[in-house]
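I have placed the structure first, in the form of structure tokens, so that the comments after it can refer back to it.
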Amino acid sequence: MRVAENLNSALHTLMDTRQDLYLLGEDVLDPYGGAFKVTRGLSTRHPGRVLTTPISESAITGVAAGLALCGDSAIVEIMFGDFAALAFDQLLNFASKSVSMYGSRVPMRMIVRCPVGGGRGYGPTHSQSLQKHFVGIPGLALYEMSHLHDNLAVLEEMLAREEPCILFEDKVLYTRPMHAVRPPFTVENTGGVARVSLDTRPDCVIVAPGGMAHRALAAMYSLLMEEEISCTLLVPSRLYPFDVDVPAAPHVFVVEESTAGGTWGAEVAHAVHRRHWDRLAGPVTLVHSADSVIPTAAHLEREVVVDETVIHRVIREVIRG
Amino acid sequence: MTTTLDRALVPKLDDADLTLMLEIRAFELKLLDLFSQGLLNGTTHTCLGQEYVPVALRPLLTPGDHVFSNHRGHGHYLARFGDLEGLLAEIMGREGAVCAGVGGSQHIRRDGYLSTGVQGESLPVAAGVALHLARAGSGALALVYIGDGTFGEGAVYEALNIIALWRLPVLVVVENNGIAQSTPIAANLAGTIAGRAAAFGIGHHLVEGFDLPAIRTALEPLIARVRQGEPLIAEFATHRIGPHSKGDDTRPPEVLSELRDWRALYAAAHPEQSERLDQAARARVEAVAADVIARPPSRWAGP
Ligand SMILES: Cc1ncc(C[n+]2csc(CCOP(=O)(O)OP(=O)(O)O)c2C)c(N)n1
């Protein structure tokens, strides 16, 4: 099963089982089923609760907040995550604030789904990884889709938090198969963190969100084969608040697609430094895209966006010197 | 809509106008063709069916005017600059690209011209440019192209209010093709565009058909007033006859058959001129494509 199908079926299950759940987004009706086809079939089954909306990201996020205030649940699809910028005020100043600013806790069950990332030649305003812009907002939890996490469980967990959540979905994942990990690596999933490892003690730990997992896995494989460097990969489903137990290893790398500056990885590194400073051989290494807009042309985009070669090179350099 | 033709309803266009319209058409068809051959990546939005809109406006603009385009902007660019090579190179990331291949199909900047792919964003920016132009006293204006669906964005209304309050020389050209991606206007827009203009005290002019001389005659005095600080919304009732992007047209056959394609109507009314100019237009586009495809990748100095 492909990741998009897994997500689509998770949405179907949720809409079937929760009569108070709405789904809002641009062009989500059948037969179109959303720009990335993730909402396919939903409007046919649930015409009253799956609503196609005008091109109004701010308003529809506010509408979701209104539904949540009344005790309903709502999922908003932002066509390209980049346009979540238009919904930022609703998320920052209303939805997340409402959870606590009225002096007692107001449950707000709402999820904003954001397809993100480059690699498809969509250009500077349709390829960004916006996770870092949402880090550190009280009352707002950040999740990222991965092929190692079942989307139904992830969506259930988000709704159970009773606070606004964003689900970042790397667009290139949609067509990837679920759960695939190349031997000799094996995967185990505990507490929302997928851990991909060998049975030896690792030379390093890589922390990466779902969209980066394939590139990290490819680098782990080539590092093992070409350099005999063994890595353990941790893919947390929840990016923020970040609460992951990083296993003992001398080197830790955080890999993400975000461009440089104020990254999620910097937040993770800080947490790891505080907890494990004395057992690290050096500071956590951040691997991310260049400090740049994401160009449209494929040959230019490749120079900016992190890929497995970059991950391989950085890890080899840090470990081998 | 009827396809039986009254020749008088399709007045003859001048060769230069028709050539430009046909070149834009041939360019857009070539893009879809290159996509299907796997020679283009990313995304693109063609203006098939709407080519005449920027061509109609072309002689009404001055070199000092600023044009703000959107995701469906190839026609806007070509009508302003005629630069098939530079645009194709931009879309393909080849040498000679207008913006080094960084911006691609929907992020293009060239003297007095700018496009961006985020809906509604350009209206406030156009207001700022118009404020500058007004103070400079040059009589230049800012023209913003938007689609009917883009009226969903709040920024559009914030900008219209400012434009009207400050009497800014802004011409908003709405290409009302009755659809936004897959969503028909009935599901996107309460009320009307004329009603919105009226609410802000901004003039509104509806353009139907593709009789370019008549369109220009009607718009000319209105645009002269825009230059004096009387903003205008010119709404073109038009048709998107192709997909939103590529291969994503989910409109049912009965809706598609209702669409009016100026080119088919014109070719039926004026077959000889159409055929002659169309062949030339397609030959030019083919030559440009062959040239651009053979070029090396574009180079970018970096961010
Ligand atoms: C802020 C924002 N939201 C959504 C989109 C995705 N999108 C691109 S074009 C489009 C439809 C635009 O419709 P309309 O304004 O009617 O112009 P048309 O495509 O018909 O020319 C949408 C939803 C976008 N580019 N920007």
Side-chain angles (χ1 to χ4, degrees), chain A residues 25-37 39-40 43 51-62 78-80 82-87 89-90 118-128 171 259-261 289-304, chain B residues 35 40-44 71 89-95 97 99-108 115-121 146-157 179-185 187-190 244-245 248-252 296-303:
Chain A
E26 295 158 16
D27 299 287
V28 295
L29 295 194
D30 291 329
Y32 204 76
F36 296 100
K37 312 303 165 205
T39 55
R40 231 176 219 163
S43 67
L51 306 175
T52 198
T53 71
I55 309 174
S56 310
E57 291 79 6
S58 175
I60 64 180
T61 306
I78 302 286
M79 186 182 291
F80 282 82
D82 310 66
F83 315 145
L86 285 115
D89 173 62
Q90 285 291 345
R120 297 191 39 161
Y122 289 156
T125 64
H126 289 59
S127 305
Q128 298 169 89
K171 301 187 268 282
T259 58
S289 299
D291 179 12
S292 170
V293 299
I294 318 274
T296 303
H299 66 284
L300 300 175
E301 189 180 19
R302 272 196 295 275
E303 286 172 25
V304 167
Chain B
F35 258 112
L40 281 192
N41 82 323
T43 189
T44 198
H71 60 293
E90 181 60 38
I91 295 167
M92 299 194 75
R94 301 297 160 96
E95 205 168 85
C99 297
V102 177
S105 167
Q106 49 182 348
H107 312 97
I108 291 179
S115 67
T116 173
V118 181
Q119 300 306 321
E121 204 168 62
I146 61 170
D148 44 291
T150 299
F151 279 92
E153 293 293 356
V156 170
Y157 301 90
I179 189 162
Q181 201 143 338
S182 73
T183 307
I185 191 165
N188 251 344
L189 196 86
H244 166 68
S245 174
D248 63 348
D249 206 334
T250 46
R251 288 175 287 188
S298 61
R299 269 171 304 184
W300 179 38

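Below, chain A is the first sequence line, B the second, and so on; all start at residue 1.
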Contacting region of A/Ser292 [heavy-atom separation from chain B under 4.5 Å]: both
Part of B/Ala100 lying under 4.5 Å from any heavy atom of chain A: backbone
Side-chain contact test, heavy atoms from C-beta onward, threshold under 4.5 Å: evaluate it for B/Ser298 versus A/His299 and give yes or no. yes
Counting only heavy atoms closer than 4.5 Å, note whether A/Phe83 contacts chain B via side chain, backbone, both or neither. side chain
Pair count under 4.5 Å, heavy atoms only, with chain A: among B/Gln119, B/Gln106, B/Arg299, B/His244, highest is B/Gln106
Identify the two heavy atoms, one from B/Thr250 and one from A/Pro31, that lie closest to each other, and give their separation to 0.1 Å. CB-CG, 3.7 Å
Given side chains that start at C-beta, do those of A/Val304 and B/Trp300 come closer than 4.5 Å, heavy atoms only? yes
Mind checking whether A/Leu300 and B/Val102 have side chains closer than 4.5 Å, heavy atoms only? yes
State, with a plain yes or no, whether a side-chain heavy atom of A/Thr296 is found less than 4.5 Å away from one of B/Asn41. no
Side-chain heavy atoms of B/Gln181 within contact of A/Tyr32, under 4.5 Å: yes
Between OH of A/Tyr122 and OG of B/Ser245, what distance do you get to the nearest 0.5 Å? 7.0 Å
Any donor-acceptor pair under 3.5 Å linking the side chain of A/Ser56 with the backbone of B/Gly152? yes
Measure B/Asp249 against the heavy atoms of chain A and call it side chain, backbone, both or neither at under 4.5 Å. neither
Considering only heavy atoms, which portion of A/Thr53 lies under 4.5 Å from any heavy atom of chain B: side chain, backbone, both, or neither? backbone
Note: A/Asp27 and B/Ala180 closest approach over all heavy atoms is OD1-O, 3.3 Å
For the residue pair A/Thr125 and B/His107, establish whether any side-chain heavy-atom pair is separated by less than 4.5 Å. yes
